[in-house]
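Just below is one structure, and these are the notes that go with it.
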Number of protein chains: 2
Amino acid sequence: MTYMVSTGGNMGMDFKRLKYFLAVAEELHFGRAANRLDIAQPPLSRQIAALEAELEVQLFDRSRSQIRLTQAGEVLQDHARQLLERLDAAYRETKMVGSGASGRLRIAFVGSASHGVLPTLIKSYRSFYPEVELQLSAMNNAELQTALISREIDIAVARPVLDDEEFRREPLCTEPLILALPDNSELGTQLEIRFADLADQTFVLYPRKPRPSYADKVLDICAREGFKPKAVDLAQDFQSAISLVSVGVGIAVVPQSVSRTQRPGVIFRPYKGYNPGTGLTVHARLDNRAPQVMHFLEVTRKFARKQ
Amino acid sequence: MTYMVSTGGNMGMDFKRLKYFLAVAEELHFGRAANRLDIAQPPLSRQIAALEAELEVQLFDRSRSQIRLTQAGEVLQDHARQLLERLDAAYRETKMVGSGASGRLRIAFVGSASHGVLPTLIKSYRSFYPEVELQLSAMNNAELQTALISREIDIAVARPVLDDEEFRREPLCTEPLILALPDNSELGTQLEIRFADLADQTFVLYPRKPRPSYADKVLDICAREGFKPKAVDLAQDFQSAISLVSVGVGIAVVPQSVSRTQRPGVIFRPYKGYNPGTGLTVHARLDNRAPQVMHFLEVTRKFARKQ
DNA sequence: CCCGTTGATACCATATAGGTCATAACGGAG
DNA sequence: CTCCGTTATGACCTATATGGTATCAACGGG
């Protein structure tokens, strides 16, 4: 399983030696090569001799006035060039990824964020860091939390927030709640809708499982407005809720941004009454200080201020 | 023209550092990695820290109980593996070529050698050094000499020898001269042919230009046998001479090995009389100590002794 | 809450690389 | 044949790098 480095003595052949060798191979003159390398000639001769001893191979044909590469020298020259080029590539690429200018960022978000400010935020991040490969996926809050903890994702955009001390948080936006009504509802004809008047309506609700759930929030509004609603808790998410509304099952309470996607048979209306609103929060693991993550949070912060 | 090595400070990233880094990246544990590398843990920590400083990049996420590669670390790990593998390949390949077990050997020979012992010699060399790529070509003595001097070839097989102090020599074989006769010649019916009886024959001769030439040798035999021959000096080489013999132009004096290739219209016969013989000699530049060359000469020496 | 483990730090010893100077060996040009 | 240029080599010094030992600090598990 573990990769065994060839533990041969070939460690004497380090990059410096190869660089020296290349210089001599190209100049075919120890003096000039040493000059180019900004070292004196004797140390250079010593290093080349050490390399030859290390390889037990003659790399140059030395006749006093003219040196020439041997076959082995030519072979090594090819390899040395490639090695140094690749070293440089490794150096640059690692720096790029390490600085956050390149690499990968895995972002997951609640489905209801896909039509609000999140796309704009992501676009903004991409404009700053176009070389970072974004891996986007949608999941619910519970999945976001476990995925973030298990490091399957780097960034979680949750609604409204994940309750975990291990996470760094950055608020992205807040928005009021509005009503989604079937377009044949007589409520749609009213100039304004008071929430307290909805006591006899059927409410499309949501899963209750991860408490506190969004369903709890809706029930809380009803309670504050003085009634307990007739509820159908069938919708897994806002889009399914809208679908149910469109076929006349009932009305739904949704974040304002959901209304950006119009759906035949559904109209959206603000309401008068208690409106706790909702919002999106960007999360990352506290211990994930990857520059891509820090940059994304930074962009989020600036972005949220501008809203 | 000269290849400029990226003179960046990335020389601090030498093979040793990469090896250390790989060990930590694979063990994900400084202590075990240090153990595997047979060094103490503190120096290893320092080397990794130096590498990170050099790259200005964090390579590991250190939480006390578990370290993890960062994205940049993963990128560097990939590159480091490849670099170390390629270094090892360069090391081994250079050694192979340097030891003479691999590489290239450029051999040129006089055309008349292509049907005698030379093929056997080459076969013998190949059996010892099958990985050496042989580049064979045919040329006359003069071309052999200039090609060897200009290093276009490594080995020259000449007939009988090249007169140059700069060459190392190894005799390959000697052989008597024989006569090539048209098959309708009445000489072919004789039990034995005395050279002195050939005074009235027409001799196919050869170019005289690089003195002493093979033509001179034939004329010398004639002189010693007491006559000056009627000569047609048209043949560039033995094969052309044989062709001329086959169409009845005259008779030719050729090395015995030429008779190995039978030609319709031509018969070969030994003769009585002065026979200086001829031979092949293997040459190489004195200053060419390439192991492939030394090995070839060695094989030649053993081969010639066995004959 | 304490202990053990683990990486980091401090300090010392040594090895290695490079500088400098001098010189020998060798080849080529005049 | 001698002089010049080039490389190899040795002696000696210095600075930097590298490794070892001892110790510390932080974090997690029992």
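Predicted model only: the values in this text are computed from it and were never measured. Numbers restart at 1 for each chain; the letters A, B, ... are given by sequence-line order, proteins then strands.
Between R62(B) and dA26(D) there is no side-chain polar atom (N or O) within less than 4.0 angstrom of OP1 or OP2. One finds a side-chain N or O of S45(B) lying less than 4.0 angstrom from the OP1 or OP2 phosphate oxygen of dA8(C). Phosphate contact (OP1/OP2 of dT18(D), side-chain N/O of R46(B), threshold under 4.0 Å): absent.
Side-chain atoms of Q145(A) and D164(A) include a donor-acceptor pair closer than 3.5 Å. In summary, the side chains of Q41(A) and S45(A) do present a donor paired with an acceptor at a separation below 3.5 Å, with no hydrogens or angles considered. Of the N and O atoms on the side chains of Q135(A) and E133(A), at least one donor lies less than 3.5 Å from an acceptor on the other residue.
Defining each end axis of the helix from dC1(C)-dG30(D) to dG30(C)-dC1(D) as the rotation carrying four pairs' C1' atoms onto the next four, with five pairs an end, the two axes are found to diverge by 30° to 10 degrees.
Under the 30°/60° scheme for interplanar angles, the aromatic rings of F15(B) and F15(A) are found to lie parallel. The aromatic rings of F60(B) and F21(B) sit tilted relative to each other, their planes meeting at an angle between 30° and 60°.
At the heavy-atom level, Y20(B) lies under 4.0 Å from the strands shown only through sugar-phosphate atoms. When heavy atoms are screened at a 4.0 angstrom cut-off, Q66(A) is found touching no nucleic acid atom at all. Using a 4.0 Å heavy-atom distance criterion, D38(A) is classed as a sugar-phosphate-only contact.
Which of dA17(C), dT7(D), dT18(D) sits closest to the side chain of K16(A) comes down to dA17(C).
Place A40(A) and P42(B) on DNA chain C by their nearest nucleotides, and P42(B) ends up nearer the 5' end.
Taking both residues in full, the closest heavy atoms of A156(B) and L162(B) are given as CB-CD1, 4.2 Å, listed atom of the first, atom of the second, then distance.
Taking atom CD1 on I39(B) and atom P on dG7(C), their separation rounds to 13 Å, with Å as the unit.
Checked by distance alone, Q41(A) brings a side-chain donor or acceptor within 3.5 Å of a matching partner on the base of dA8(D).
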